[in-house]
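Single-structure report; data block below.
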Amino acid sequence: MGFVKSTVRRGRRRLSWRWRPAAVRLPASRRAVTVTRSTGSGGRPQTPTGLPLAGGCAAVVTTTVVAGALFPDGETAARAAVMAVTIGVYASKVADLRAVLGVTGVAALLFVGFLVNDLGELALRDGTWPYLVPLGLAAVLGCGRRRLRR
């Protein structure tokens with residue numbers, strides 16, 4: 001690859017000159033570059049996992065705040081029902097199972113930390129386990145509904 005002297009002209013005056021790389025002729029096999037994108041079902045481009053995960057976490061945090069404000073401390077079952085509905089709707093709308101699993105995990109942590117215990121204490125007591133089952137079940141049912149709808 002060599003360098004060629006080139007001049008830049010405007011009108012009749014020569015403004016400047018510089019050294020630029022000489023044109024290199026590529027073989028025919030290297031001229032066209034193809035870009036492939038991962039596609040989901042139906043040939044549409046697949047959304048990266050982080051985007052639905054961030055949206056789902058925002059929805060779960062909002063649900064945690066709303067459930068904490070609507071129901072008093074003793075109504076853990078009602079708080080769990082609100083969280084389960086949110087997870088079920090999210091799982092039925094999002095195709096990425098990794099995002100659904102991540103949002104379900106974040107929802108379980110927020111439920112235990114802020115809706116069952118006080119001030120974000122992540123301690124599982126004997127009475128907490130039965131309330132976590134509907135959260136996971138809602139995620140499974142939401143994913144199943146999405147699969148049946150396709």
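- In terms of heavy atoms, Pro134 sits closest to Ala84 at O-CB, 3.9 Å.
- Hydrophobic clustering (side-chain heavy atoms under 4.5 Å, transitive across Ile, Leu, Val, Met, Phe, Trp, Tyr) keeps Val103 apart from Val85.
- The distance from atom CG of Leu115 to atom OG1 of Thr76, rounded to the nearest 0.5 Å, is 8.5 Å.
- The hydrophobic clustering, which links ILVMFWY residues whose side-chain heavy atoms are closer than 4.5 Å, places Met83 and Trp129 together.
- Minimum interatomic distance between Gly127 and Pro130 (heavy atoms only, all atoms of both residues): O-CD, 3.7 Å.
- Rounded to the nearest 0.5 angstrom, Arg146 CZ and Leu97 CG are separated by 9.5 Å.
- When every heavy atom of Thr104 is checked against every heavy atom of Val100, the shortest pair comes out as OG1-O, 2.7 Å.
- Of all non-hydrogen atoms in Val94 and Ala99, the two that sit nearest each other are CG1-CB, 4.3 Å.
- Checking side-chain atoms of Asn117 against main-chain N and O of Leu122 turns up no donor-acceptor pair under 3.5 Å.
- Annotation: side chain of Phe111 is not in contact with side chain of Thr64 (no heavy-atom distance under 4.5 Å).
- Of all the heavy atoms in Asp73 and Arg79, the pair that sits closest is OD1-NH2, 3.4 Å.
- Of all heavy-atom pairs between Ala108 and Leu135, the closest is CA-CD1, 4.0 Å.
- For the pair Leu132 and Leu124, the minimum side-chain heavy-atom distance is below 4.5 Å.
- There is no path of hydrophobic side-chain contacts, each under 4.5 Å, that joins Val133 to Tyr131.
- Tracing side-chain contacts under 4.5 Å through hydrophobic residues (I, L, V, M, F, W, Y), one reaches Ile87 starting from Val106; they form part of the same cluster.
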Exercise answer: donor-acceptor pairs, residues 50-63 side-chain atoms, under 3.5 Å, sequence neighbours excluded:
unit_1: Thr62; atom_1: OG1; unit_2: Ala58; atom_2: O; d: 2.8
unit_1: Thr63; atom_1: OG1; unit_2: Ala59; atom_2: O; d: 2.8
unit_1: Thr63; atom_1: OG1; unit_2: Thr86; atom_2: OG1; d: 3.2

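- Listed for the Arg149 side chain is a donor-acceptor partner under 3.5 Å among the backbone atoms of Ser92.
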